[in-house]
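Reading through the structure tokens given below for one structure.
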Amino acid sequence: MSLATKYDPTEIEDKWYKYWMDHKFFASKPDKNKEPYTIVIPPPNVTGQLHMGHMLNNTIQDVLIRRARMQGKEACWVPGTDHASIATEAKVVNLLKEKGIKKSDISREEFMKHAWEWKEKYGGIILQQLKKLGASCDWDRERFTMEEDLSAAVIEVFVDLYKKGYIYRGIRMVNWDPEGKTALADDEVIFKEVNSKLYHIKYQIEGTQDYLVIATTRPETIMADAAICINPNDARFKHLKGKRAIIPLINKSIPIVEDEYVDMEFGTGCLKVTPAHDINDYEIGLRHQLPVIDIINDNGTLNEKAQILIGEDRFIARKKIAKLLKAEDLLEKEEDYTSNVGHSERTNAVIEPKLSMQWFVKMEELVKPAYENVMNDNIQLIPSKFKNTYKHWMENVRDWCISRQLWWGQQIPAYHLPNGEFVVAKTDEEALALAKEKMGDNSLTLQDLKQDEDVLDTWFSSWLWPMSVFDGFKNPENEDFKYYYPTNDLVTGPDILFFWVARMAIAGYEYTGKKPFNNVYLTGIVRDTQGRKMSKQLGNSPDPLDLIKNHGADGVRAGLLLSSAAGNDLLFDVKLCEQGWNFGNKIWNAFRLVKGWEIVDTDTPVASQKAQEWFKARFEQTIIEIEDHFSKFRISDALMTTYKLIWDDFCALYLELVKPAYGAPIDRKSYEATIGFFEDILKILHPFMPFLTEELWHQIKERKTEDSLIISSWPESQPFDENIVKEAQVAFEVITQIRNIRASKGISPKEALKLYVKTDNQAVYEKYISFIHKLANLESLEFTDNKIDNALSFLIKSDECFIPMVGNIDIEKEKAELQKELDYTKGFLNSVTKKLSNERFVSNAPDQVVAMEKQKQADAEAKIKTLEESLASLG
RNA sequence: GGGGAUAUAGCUCAGUUGGUUUAGAGCACCUGCCUUACAAGCAGGGGGUCGUAGGUUCGAAUCCUACUAUCCCCA
């Protein structure tokens, strides 16, 4: 069979993914004889499309899971999605709008029916996309946070936390999204710099003809003002103390209060206090017992409490108020001003701070085990720098607002009673029983109970994920849960360290007494080459599926991993994927070379024999390095080490050493050794580039299903002789030097050269003479005690090598090069000597260090001697 | 305003508890090669004094302090 000169991943990738699926290689079930290795996927938003962040994060998970599988562990990667209340509801509302249906015109039940239909039809595309990437998830275990069992777990936890006193209702200032008509968590608010205006408005001081001036960006809220506030230390406003001011347009009298919160430098130094519409004002209001006047409806329009402009949108009202004030000469001036304004992550609406009744989880007590067990490394964060951030958050944890004014989600299992009280229960029946008890009224019926309208925050589902995917609530004694939980590694972005990771740890300890995972690997954020976050608005994100189409999933995976150290942001460049593909192509062609050889039963050439010994040792040495990288989650380094082993050691050196002359056959022993090495490198590369490696694995020979690479065994490190690697290195250095001479003198590789070596250690050279012959094209290698005239020379440590030249040698140039080398070495010797002549160094530094310095000194002195002799001989 | 992180070659990053060279890698760059696996390749090469200024130490890219710059989180 002939192979194309260029690797084409398209068909190969689909073929092998199907093959793995058909043979259930991703599937996992508890096996007492094997060690479990479990990862739960960070459930992507069910409305989501694969983006670069997912690609990175899932590639890492797949690398970990594939390696564990090959190590003989029972590898289980659970996939799934979360129901994303806000995003999904927005999608469904839009879809209904297109059909001419308003959400407000249909019942909750009808809406849910539409939402589920939407989910079945359009949801979870992202999981299909993950398959293109090669993700080896156990798809039979796919879960969804709104499915029956997982919802039951959410309700159970709510009721339980309520009973334990961790859940309460309270009025709070929340981030209100007037478009989505829901409260948002702080992290769902994006602050953007917005150009706005600072309006300077005159308020008459009651009982006088004088005015005070306040500066505000929100003149439409003046009707909700409860006071004017000044700093008690502000000498300018002594005359205002104890007075009252009149709100313009509605002529309402409000007190002037004093509070040190007011920044004397900012604006006019007079602050209007609007407790209902600003979090800071709310707090001032509490301190001064000011009334709260809420003038804005849920949809962002003014309500009747505003007295004027009722029904107008807040932004239109702003303009109209400005106009009205101007008309009455109460607008002193407008100045341009940029301010940070919160926007809804989902709807992009400007956030309205709003007081409302919400449900909260009391965090302070609940958080303790999750806090301690990260601090003591029971749960490890990788990289560990995130421990600081985690600590800071945990120590300043705030109560968690878990209610959302939406329908898509688990409806809060609280039932309001006619008298305004409420009960919390898992079912209607239990609620009714509780209500009867509470009210002492047996005649109550379900009709008297009204279930809370709100649903729970999506995070309130996903914080249970590592437990609920294994049915840890429904049936805590089940085999899966006992076997797979706690999970091993969690891979996610640092942006959800608090919203998700910390909360999972909290829930894990609360409900199982155990950590939900051992290690949390925090990936970097994928940015564009200019360092900007990838976003739809900027349009700076490449389409992941296009990337896969153009560079192959293997190429993209390798490209993403090549420069993404844990926790460091990755500046994504398509060039990385090209590099990934190049690498795949390199291996493909290496295979073409080997596959093309004709095999005969002849003796093994010395070079080939030695090359096998050498590569074996080099491989073992590298495996240790790779294991070390993996143990520290240095995935990028593990790949780079593999990359260099394959490209530099295997292709550039080993294959060149065993490669027979063109058209000549290869001896059977060398061929078989080479195939063995090839299999080993395919194994260690498989977690990174699964498709190409599986393809070549089967190209090597016909294999049974159970001999597939994906389930083959990971190479274990074997003892090896370090001296082989070290001594061969001398030969490789000689080769490089000779090639250097060829390059700089324009000598063709075809022209064989003579090499003379002046050394005290002939044995090392003799051992690997065959390497030098083959890779540097030597006519002969001889040892000498004297300098060789009319030759170019170079140094290997203090050994001197000579290549006789037929033509003239540019003596001046040679001298200059030698002089440069000499200067450097002298400088180096100088620094070493200085160290050694320092008595305090010699007496304080460890013996080993001193010995090393002495060795350096001796080497440098020998080298200098040789260099000086060479210079002298050149005249 | 508070907290945290980072600053090493043109770019992206290593540098593992301070001592294997006057600092490494990949990519990019330069030179020469269509050498019979691969020109998306091969061979060779140049390039940084480790953000700035101090300090600790026999010894600092590594520890401390200040400053500067950038980024993130919280308010």
Side-chain angles (χ1 to χ4, degrees), chain A residues 3 5-7 186-187 191 263 279-280 340 383 385-393 395-396 398 494-495 497-498 525 527 529 531 533 551 555 559 562-565 567-573 575-576 578-579 581-597 628-629 632 634 636-637 639-641 643-644 647 651-652 655-656 659 661-664 735-750 775-777 824-825 827-832 834-846 848-853 855-857 859-860:
Chain A
L3 295 167
T5 56
K6 299 217 183 311
Y7 172 58
D186 291 342
D187 57 290
F191 284 86
D263 182 350
I279 179 69
N280 298 310
N340 265 335
K385 68 180 178 189
F386 285 107
K387 261 172 88 173
N388 278 334
T389 324
Y390 186 88
K391 179 170 186 255
H392 188 254
W393 187 77
E395 285 173 354
N396 298 284
R398 300 199 296 168
D495 46 335
L497 182 60
F498 311 129
I525 292 167
R527 299 172 178 279
T529 44
K533 259 189 178 175
H551 305 95
L562 272 172
S563 72
S564 59
N568 274 341
D569 286 1
L570 164 63
L571 301 199
F572 181 78
D573 192 329
K575 279 195 284 190
L576 291 169
E578 281 169 24
Q579 195 188 345
W581 182 88
N582 289 351
F583 182 42
N585 192 47
K586 180 74 187 173
I587 300 160
W588 178 261
N589 276 292
F591 181 73
R592 284 180 59 228
L593 171 70
V594 174
K595 199 64 185 171
W597 286 335
D628 184 51
H629 287 318
K632 291 166 184 156
R634 304 166 78 141
S636 177
D637 290 339
L639 173 58
M640 185 48 76
T641 306
Y643 179 97
K644 285 195 277 190
W647 200 307
C651 293
L655 286 180
E656 292 299 333
K659 184 165 139 183
Y662 179 61
I735 291 162
T736 301
Q737 290 288 358
I738 296 173
R739 285 172 170 173
N740 186 1
I741 286 175
R742 283 186 192 278
S744 59
K745 301 291 176 280
I747 302 166
S748 158
K750 286 172 187 153
L775 298 190
N777 190 17
Y824 175 89
T825 314
F828 173 62
L829 176 66
N830 190 32
S831 79
V832 175
K834 221 164 78 186
K835 245 187 223 180
L836 282 168
S837 59
N838 183 333
E839 253 177 61
R840 281 193 290 182
F841 169 72
V842 180
S843 52
N844 285 330
Q848 202 193 338
V849 174
V850 177
M852 233 153 37
E853 293 298 321
Q855 184 62 50
K856 284 190 218 164
Q857 188 181 36
D859 287 348

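Order of the sequence lines fixes the chain letters, A, B, ..., with proteins taken first and strands second; residue numbering starts at 1 for each chain. Any value given below was found using the heavy atoms of this structure, including those in side chains, with hydrogens, waters and symmetry copies removed.
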Taking only side-chain nitrogens and oxygens of N740(A), does any of them come within less than 4.0 Å of OP1 or OP2 of A43(B)? no
NA contact type, R742(A), heavy-atom cut-off 4.0 Å: base, sugar-phosphate, or nothing? nothing
More than 12 heavy atoms of other residues, nucleotides or ligands under 6.0 Å from NZ of K745(A): is that the case? yes
Specify the separation, in whole Å, of atom NZ of K632(A) and atom C1' of A14(B). 12 Å
Sugar-phosphate or base contact per nucleotide [nucleotides 25-39 of chain B; S, B, -; heavy atom under 4.0 Å]: SSS--------BBB-
From CA spacing to verdict: salt bridge (Lys or Arg N to Asp or Glu O under 4.0 Å), E656(A), K659(A): CA-CA 5 Å; E656(A) 292 299 333; K659(A) 184 165 139 183; 3.5 Å; yes
Let's see if you can work this out: which of A5(B), A40(B), U16(B) has an atom nearest to the side-chain heavy atoms of N388(A)? A5(B)
Between D628(A) and Y824(A), the residue closer to the 5' end of RNA chain B by nearest nucleotide is D628(A)
Which heavy atom of Y390(A) sits nearest to which heavy atom of F498(A), and what is that distance? CA-CE2, 4.0 Å
In whole Å, measure the gap between the C1' atoms of G4(B) and A43(B) for me. 48 Å
For F841(A) and L836(A), which heavy atoms make the closest approach, and how far apart are they? CE2-CD2, 4.2 Å
Return the 5'-most residue of the pair K856(A), Q737(A) with respect to RNA chain B, ranking by each residue's nearest nucleotide. K856(A)
Rounding to the closest angstrom, what is the interatomic distance between A25(B) and U8(B) at atom C1'? 13 Å
For the student: nearest non-hydrogen atoms of H551(A) and W581(A), plus distance: O-CD1, 3.6 Å
Just so I know, are the side chains of K632(A) and D637(A) near enough to count as touching, which here means a heavy-atom distance under 4.5 Å? no
Heavy atoms under 4.0 Å, any strand shown: does W393(A) hit a base, just sugar-phosphate, or nothing? nothing
Roughly, in whole Å, what's the span from CD in E853(A) to C1' in U20(B)? 8 Å
For A69(B), the nucleotide meeting Watson-Crick or G-U wobble distances (both under 3.5 Å) is U6(B)
Between C27(B) and A9(B), how many Å separate the two C1' atoms, rounded to a whole number? 12 Å
Pair assignment for G48(B), Watson-Crick or G-U wobble, requiring both distances under 3.5 Å: none
A61(B) and G19(B), which share atom name C1', separated by this distance in whole Å: 13 Å
Same-atom distance (P) from G41(B) to U22(B), integer angstrom: 35 Å
For T736(A), report the nucleic acid contact type (base, sugar-phosphate, nothing); a contact means any heavy atom under 4.0 Å. sugar-phosphate
Give the C-alpha distance, both sets of side-chain angles, the deciding distance and a yes or no for side chain to side chain donor-acceptor pair (under 3.5 Å) between D859(A) and Q855(A). CA-CA 6 Å; D859(A) 287 348; Q855(A) 184 62 50; 3.0 Å; yes
Counterpart base for C58(B), defined by Watson-Crick or G-U wobble contacts under 3.5 Å: G19(B)
In whole angstrom, give me the gap between the P atoms of G54(B) and G44(B). 42 Å
Specify whether W588(A) and Y7(A) have parallel, tilted or perpendicular ring planes, treating 30° as the upper limit for parallel and 60° as the lower limit for perpendicular. tilted
If we call it a pair only when both distances are under 3.5 Å in a Watson-Crick or G-U wobble match, what pairs with A25(B)? U12(B)
Expressed as a whole number of Å, how far does the P atom of C73(B) sit from that of G26(B)? 34 Å
Between U57(B) and G51(B), how far apart are the two P atoms, rounded to whole Å? 23 Å
Counting Watson-Crick and G-U wobble pairs only, both distances under 3.5 Å, name the nucleotide matched with C42(B), or none. G32(B)
Take atom NE2 of H392(A) and atom P of A5(B), then tell me their distance rounded to the nearest Å. 11 Å
When you measure from the side-chain N and O atoms of N396(A) to the phosphate of C74(B), is any distance below 4.0 Å, counting only OP1 and OP2? no
